Asker: 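Below is one structure. I have some questions about it.
FYI, side chains are in, hydrogens and waters are out, and symmetry mates aren't considered; it's all heavy atoms of this structure. As the structure is a computational prediction, the values presented were derived from the model and not from experiment.
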Protein chains: 2
Amino acid sequence: MPVLISPSLDEARKELVVGLEARKLVVMVASCSVEYSGRTGSHLGEGERLVIVKGDGCILVHRGHDYQPVNWQPSGCIIQAHANDGTLVLKAVRPSPLESLTLVVKEIQFLGSFVLQDAAEFILHASEEEMQRAIILQPDMIEPGFKILDFEKKVPPGFVDVYGVDRDGNIVVIEIKKDPAGFPVIKQLLEYLKYLQAPPGRKLRPMIVAPSIAKGSQSTLAKSGIEFKQLTLQKAVEILQKYARSDQQALKSWL
Amino acid sequence: MPVLISPSLDEARKELVVGLEARKLVVMVASCSVEYSGRTGSHLGEGERLVIVKGDGCILVHRGHDYQPVNWQPSGCIIQAHANDGTLVLKAVRPSPLESLTLVVKEIQFLGSFVLQDAAEFILHASEEEMQRAIILQPDMIEPGFKILDFEKKVPPGFVDVYGVDRDGNIVVIEIKKDPAGFPVIKQLLEYLKYLQAPPGRKLRPMIVAPSIAKGSQSTLAKSGIEFKQLTLQKAVEILQKYARSDQQALKSWL
DNA sequence: CGTGCCAGGTGCCAT
DNA sequence: ATGGCACTTGGCACG
């Protein structure tokens, strides 16, 4: 866990190269300027920033504020460091799309390289997928007698989240949103409907399943003939937990 | 620029509190577990991570790989650090939407706090806006005789990027894309057309201005009656530079 | 405030 | 590679 305080540029370069070689995490606080060129381009004059280079070849340049990095390059880049005219030049090239990020480092306050022991699994609760799984596990939470025919059903403009039939044989077309459903969802669902039809004598019942409807879309929804069924993430998670044991089996039966 | 190597949790807590107080950038490499709860929720077991706390009240938890943080909280959070049962507990609460991120820190490899001197301006070249400005500054780059009537012209479904007239008095409706233009752009433009009409005896000329057309949309475009004019960001930037001096005046004349 | 829209969005998975 | 889409998307502009 080498840590350098106010190293010379050459000391820093050596440690950086060694760290990159070993695929370690390198953290640096340094005065630098940054150029980006690729899908678009950007320029950032000299100033002190936090620079992070990870073992998988991604790089982040953070300023003293803001959640987002001011410049970056995602994983899979080729990263080089070389001395040039009294500066340390860091280059991160992304092959596709071809993009390049260049840092010209003038002075380094701090440079450390770390190996992070981290085998833990990251679990994210609740998402659209979890809501979908809750519906699949317990279809009658939509309404009594509802049966599922398919999910992620392909139609030309995209995929129908859940596709099923009500107790009277009408086709129910469900679009799920984890956030309050707005105008775009209505459009999306209506688009899908163009490519679907109910059996003779039966209806198509488009339905949005979401925690709520966006305020401004209330009336549009009413006019559109689309039904709304409330489902919060909270409730979806409860259903999943209830079915936790049979969960995998129920999903498998669909594969 | 205090830097602590393998500090005790209490030493770290003190430095952290002082750093937060002074709105400094605090960087920490530590073994911790992370819980998030808010719009959804997540759990991450114990492991070594890079933790960044910025002066504006945002926090990032990075693992040894990936461009994205595994957990985070955007700017504007209330961040607290307190000792608890032999651990250091870091809490970041976001007021709206109400969300909370909790780190339980067991051991710290490194903690440093920094003041970043950084007054530079960040300049991002190119975006749809820059392409639009290039067209406004030099309309005949679209074609000789082209004149601009309006931009960001409101129509019910959204805004027309550039609205103008050709040398024959036909109305040109331009939709700009900085990326290869695909299916959605065509649909969007056709949608706008419904709410526009040309003067008697003149035509409506829908036109997409973009660096290229997405592969699969080539034929759809041909059938749609929409014209395509190539404009790369590169060229847009060149035009802007050429007109750099008169830039502001030209734009003002439209306001 | 909520709602809509853009982003160097990123990431995941499909054909 | 390209397309379609979710994301704790974040961010900004606007009613």
Side-chain angles (χ1 to χ4, degrees), chain A residues 34-43 58 61 66-76 94-101 122 124-132 152 154-161 175-185 187-188 191-192 212-218 220 233, chain B residues 34-42 58-61 66-77 92 94-101 122-130 152 154 157-159 161 176-180 182-184 188 212-218 233:
Chain A
V34 189
E35 300 294 328
Y36 155 74
S37 156
R39 285 166 292 178
T40 84
S42 75
H43 166 84
C58 67
V61 182
D66 297 336
Y67 156 74
Q68 291 194 228
V70 62
N71 279 110
W72 70 91
Q73 209 64 279
S75 309
R94 181 187 191 179
S96 169
L98 182 57
E99 298 189 290
S100 133
L101 184 70
F122 177 69
L124 178 64
H125 281 303
S127 56
E128 210 174 282
E129 191 191 336
E130 309 241 329
M131 292 173 72
Q132 188 185 48
E152 296 302 327
K154 180 79 186 118
V155 286
F159 299 86
V160 173
D161 287 334
E175 179 64 30
I176 303 170
K177 282 291 147 190
K178 84 174 179 56
D179 293 309
F183 204 72
V185 192
K187 258 177 63 176
Q188 186 183 357
E191 200 61 30
Y192 291 174
S212 67
I213 293 291
K215 225 184 261 170
S217 307
Q218 202 74 254
T220 315
L233 286 171
Chain B
V34 189
E35 301 294 327
Y36 156 73
S37 158
R39 284 166 292 180
T40 87
S42 76
C58 68
I59 180 168
L60 308 165
V61 182
D66 297 336
Y67 156 72
Q68 291 195 225
V70 63
N71 279 110
W72 70 91
Q73 206 68 275
S75 310
C77 289
R94 181 187 190 181
S96 170
L98 182 57
E99 298 188 292
S100 133
L101 184 69
F122 177 68
I123 296 163
L124 179 63
H125 288 302
S127 53
E128 236 178 73
E129 192 191 335
E130 309 245 328
E152 297 302 328
K154 179 82 186 110
F159 299 85
D161 288 334
I176 303 170
K177 279 292 144 191
K178 75 176 182 54
D179 294 309
F183 204 71
Q188 188 183 354
S212 67
I213 294 291
K215 221 187 255 171
S217 307
Q218 202 73 254
L233 285 171

Asker: In whole angstroms, how far is the C1' atom of C:dC13 from the CD atom of A:Gln132?
Answerer: 14 Å
Asker: Within the structure shown, what part of the strands sits under 4.0 Å from A:Ser217 by heavy-atom distance: base, sugar-phosphate, or nothing?
Answerer: sugar-phosphate
Asker: Need one value for A:Gly158: base, sugar-phosphate or nothing, where a base atom within 4.0 Å counts as base even if backbone is also close, heavy atoms only.
Answerer: sugar-phosphate
Asker: So for atom NZ, which belongs to A:Lys187, do other residues, nucleotides or ligands contribute more than 12 heavy atoms lying within a distance under 6.0 Å?
Answerer: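 Not more than 12 within 6.0 Å, no.
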Asker: Rounded to whole angstroms, how far apart are CG on A:Asp161 and C1' on D:dA6?
Answerer: 10 Å
Asker: Expressed in angstrom and rounded to an integer, what is the separation of B:Trp72 atom CH2 from C:dG9 atom P?
Answerer: 18 Å
Asker: Can you tell me how far P of C:dT10 sits from CG of A:Asn71, to the nearest Å?
Answerer: 12 Å
Asker: Would you call A:Val160 and A:Glu152 a side-chain contact if the rule is heavy atoms closer than 4.5 Å?
Answerer: no
Asker: With heavy atoms under 4.0 Å as the rule, sort A:Tyr192 into base, sugar-phosphate or nothing.
Answerer: sugar-phosphate
Asker: Tell me which nucleotide among D:dT8, D:dC7, C:dG4 gets nearest to the side chain of A:Ala214.
Answerer: C:dG4
Asker: Hey, does A:Leu233 have a side-chain heavy atom less than 4.5 Å from the side chain of A:Lys178?
Answerer: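 A side-chain contact exists here, since the closest heavy-atom pair is under 4.5 Å.
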Asker: Find which nucleotide of DNA chain D each of A:Ser96 and A:Pro156 is nearest to by heavy atoms, and output the residue with the more 5' nucleotide.
Answerer: A:Ser96
Asker: So which nucleotide from C:dG8, D:dA6, C:dG4 ends up closest to the side chain of A:Arg39?
Answerer: C:dG8
Asker: For the pair made of NZ in A:Lys178 and C1' in D:dC5, what is the distance, rounded to whole Å?
Answerer: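 Rounded to the whole Å, the gap is 13 Å.
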Asker: Do the non-hydrogen side-chain atoms of B:Leu101 and B:Ile59 ever get within less than 4.5 Å of each other?
Answerer: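 They are in contact (side-chain heavy atoms under 4.5 Å apart), so the answer is yes.
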Asker: Would you indicate what A:Pro97 reaches in the nucleic acid, counting non-hydrogen atoms under 4.0 angstrom: base, sugar-phosphate, or nothing?
Answerer: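 Answer is nothing: A:Pro97 stays at 4.0 Å or more from every strand.
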Asker: Rounded off to whole Å, could you give me the CD-to-C1' distance for the A:Glu129 and C:dC12 pair?
Answerer: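 Rounded to the whole Å, the gap is 11 Å.
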Asker: Taking the P atom in each of C:dG8 and D:dC5, what is the distance between them to the nearest angstrom?
Answerer: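 Going atom to atom, P in each nucleotide, I get 23 Å.
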Asker: Which part of the nucleic acid, if any, lies within reach of B:Lys177 when heavy atoms closer than 4.0 Å are counted: base, sugar-phosphate only, or nothing?
Answerer: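 Nothing: the residue B:Lys177, judged by heavy atoms under 4.0 Å, touches no strand.
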Asker: From CZ of A:Arg94 over to C1' of C:dG9, roughly how many Å is that when rounded to an integer?
Answerer: 10 Å
Asker: Would you indicate what A:Glu99 reaches in the nucleic acid, counting non-hydrogen atoms under 4.0 angstrom: base, sugar-phosphate, or nothing?
Answerer: base
Asker: Students often get this wrong, so: under 4.0 angstrom with heavy atoms, is A:Gln73 touching a base, only sugar-phosphate, or nothing?
Answerer: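 Here A:Gln73 touches the bases of the nucleic acid.
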Asker: C:dG4 base stacked by A:Phe183? Criteria: ring centres under 5.5 Å, plane angle under 30°.
Answerer: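 It does not: the two rings, one from A:Phe183 and one from C:dG4, miss the stacking criterion.
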Asker: Which heavy atom of B:Ser42 sits nearest to which heavy atom of B:Asn71, and what is that distance?
Answerer: OG-ND2, 3.1 Å
Asker: A:Phe159 or A:Gly182: which one's nearest nucleotide on DNA chain C is closer to the 5' end?
Answerer: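 Nearest nucleotide further toward 5': that of A:Gly182.
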Asker: If you check every side-chain atom of A:Tyr67, which of D:dT8, C:dT10, D:dG11 has the closest atom?
Answerer: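 Of the options given, the side chain of A:Tyr67 lies nearest D:dG11.
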Asker: If you go through the side-chain atoms of A:Gln68, does one of them form a donor-acceptor pair with the base of C:dG8 closer than 3.5 Å?
Answerer: no
Asker: Less than 4.5 Å apart, side chain to side chain, heavy atoms only: is that true for B:Thr40 and A:Glu130?
Answerer: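 With C-beta onward as the side chain, the pair stays apart.
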Asker: Expressed as a whole number of angstroms, how long is the span from A:Leu124:CG to D:dC7:P?
Answerer: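 Answer to the nearest Å: 8 Å.
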Asker: For B:Val70 and A:Lys154, take the nucleotide of DNA chain D holding the closest heavy atom to each; which residue's nucleotide lies nearer the 5' end?
Answerer: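 Per heavy-atom nearest nucleotide, the more 5' residue is A:Lys154.
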